[in-house]
2 protein chains.
Amino acid sequence: MNSTPTRQPGTTAREIGDMLERLRNHVPMQRWVVRAGDVLYTIGARFTSLFVPNSGYFKDVILTADGREQVVGLHFKGDWLGFDGIAEGRHGCNAVALDTGEVWSLSYEHLLNASARQPDLLTALHAAMSRQISRDHELMLALATLPADVRVADFLRNWTGSLAERGLRTDKITLPLTRAEVGSYLGMTLESVSRALSRLDGADVIRVDNRFRRDIEIPEVAALTGFIERNGLAAAVR
Amino acid sequence: MNSTPTRQPGTTAREIGDMLERLRNHVPMQRWVVRAGDVLYTIGARFTSLFVPNSGYFKDVILTADGREQVVGLHFKGDWLGFDGIAEGRHGCNAVALDTGEVWSLSYEHLLNASARQPDLLTALHAAMSRQISRDHELMLALATLPADVRVADFLRNWTGSLAERGLRTDKITLPLTRAEVGSYLGMTLESVSRALSRLDGADVIRVDNRFRRDIEIPEVAALTGFIERNGLAAAVR
DNA sequence: CGAAAGATTGAGATATTTCAACTGCGGTGG
DNA sequence: CCACCGCAGTTGAAATATCTCAATCTTTCG
């Protein structure tokens, strides 16, 4: 019936905090402070490490033959980046910081060694990979079935959902993405993203700031969910 | 330049065979013979095991709120199914056999135990998850950027690619999927799939059998690749 | 301050969906 | 054995959603 499983507020935030704590205590790591545009790894680069943001936002992008970018993933605090490199030993996408933040770099080998004595670590690793796969499936569902406006609404709901899980405010958000990046992620043009946002604004589902147009007010997430359920034929049953 | 990395024929087939062999020798498993439509697990079912096909084809489907299906994954011999259940302890999609086949069921717990003494197993597990993530990204790219005809051509190329990796013939294939299932996977209607196949046939890229319309001749995969490169703006750089 | 980048909006072009009709195959039951 | 029905697939024509192209405006940054 309901589309996003409602969890105790703060529960996930604590889980993420605990996980980060465990990593800090048991795995050797390097901390990097990054600024918008900084690159964690690029396509073809030798895979040695996984990355876990402690703050900031990050994107995964594939490069297309004609030189444009396709955004295939977005990451928040406590997410893991770099899984796609494990199989072949080389990364399959670029990972780029979307704003200022801190990211931890964990040697995959060291992580595996540490997990021999600390099985929690392996559990956390597997859970992170599993979650990424589930999220990818949900994105596919959105790409494959939702009309443009609903896709944007769904994107905003997921974004606020991720913020909420981390105990951050969701009534006023600032997207660290251009319209073009959102469009790439959602499989539509930047113009369509802009129009969708305008229509959501017109329908009083959100309010787009007149001046700083990446600032978006979402007084109640329920309005977004309602819009999605009314206009999108699809929503995953859970 | 070239889109699919050309590997020594048989190389991957041997890798897959070796991996299956290792599983057979070191992990307790149950073997199931399945028929088209048989279900490995359903949404919400408690996660205990991963599944590895030894033969046959399988699909992952999410159910949408309005009761339709969304195909989010397709699996061949040596692939792994069920990763999405690890994080939450419950499966997030249904896994269904598309034809007759044999699948091995491996207890996740036993697998982890066995991998303590046999680190290869952990490597194989991680590689399989990593590959799934990479493949999901490629599908997103296709969904987000390719026009319908090219999406279908790309689908056929990937399908034949998977067959080739397993040492199977690729010049004559039989899809175990309906047009509707292909359409669901590619984010388009069954009519559009049908039209795309007709146009690919008309362009002499493939030949759709008149009688058994799931039988498709692909005399040379290069024709598919050429069509994709000519008509699809996008192809991942690797 | 000026130029470049990001964003919005309109109008026309276009790809895909929708709706509908029709075909062929396969199974079932009289 | 044949009639019938349902499922899968194809194809056409109209409807529609999204894209493309272009103009305009704002903000950011050197």
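Relative ring orientation between Y57(A) and F76(A) is described as perpendicular, the plane-to-plane angle rising above 60° on a 0-90° scale split at 30° and 60°. In this pair, F155(B) and W159(B) present their aromatic rings tilted. The plane angle is within the 30 to 60° band.
Comparing the axis of the opening five pairs of the helix from dC1(C)-dG30(D) to dG30(C)-dC1(D) with that of the closing five pairs yields an angle of 40°, rounded to 10°.
Within the 4.0 Å cut-off from OP1 or OP2 of dA7(C), at least one side-chain nitrogen or oxygen of R214(A) is found. Between R211(B) and dC25(C) there is a side-chain N or O to OP1 or OP2 distance below 4.0 Å. Between T189(B) and dT16(C) there is no side-chain polar atom (N or O) within less than 4.0 angstrom of OP1 or OP2. Under 4.0 angstrom from either OP1 or OP2 of dA8(D) there lies no side-chain N or O belonging to T178(B). Within the 4.0 Å cut-off from OP1 or OP2 of dT9(C), at least one side-chain nitrogen or oxygen of S198(A) is found.
Contacts of L197(B) with the nucleic acid, taken as non-hydrogen atoms under 4.0 Å apart, are absent. At the heavy-atom level, S192(B) lies under 4.0 Å from base atoms of the strands shown. The residue G183(B) sits apart from the nucleic acid: no heavy atom pair falls under 4.0 Å.
Separating the CG atom of N231(A) from the P atom of dT18(D) is a distance of 11 Å, rounded to the nearest angstrom. In this entry the distance linking CG of L186(B) with C1' of dA15(C) reads 16 Å, nearest Å. As a whole-Å value, the separation of D209(B) CG from dT10(D) C1' is 14 Å. Rounded to an integer number of Å, the gap from L190(A) CG to dC21(D) P is 13 Å. For the pair L200(B) CG and dT10(D) P, the computed distance is 12 Å after rounding to whole Å. Distance CZ (R195(B)) to P (dT11(D)): 9 Å, rounded to an integer number of Å. Following rounding to the nearest Å, R151(A) (CZ) and dT18(D) (P) show an atom-to-atom distance of 7 Å. As rounded to whole Å, 9 Å separates atom P of dA8(D) from atom CD of E181(B).
For E181(A), the salt bridge (Lys or Arg N to Asp or Glu O under 4.0 Å) partners at least two apart in sequence or on another chain are K59(A).
In this structure, a donor-acceptor pair under 3.5 Å is absent between the side chains of N94(B) and T42(B). If you check the side chains of D60(B) and H75(B), you find a donor sitting under 3.5 Å from an acceptor.
Between Y41(B) and F51(B), the distance from one ring center to the other falls under 6.0 angstrom.
Projected onto DNA chain D by closest heavy-atom contact, R213(A) and E191(A) fall at different nucleotides, the more 5' of which corresponds to E191(A).
Side-chain contact between C93(B) and D84(B) is present, with heavy atoms from C-beta onward closer than 4.5 Å.
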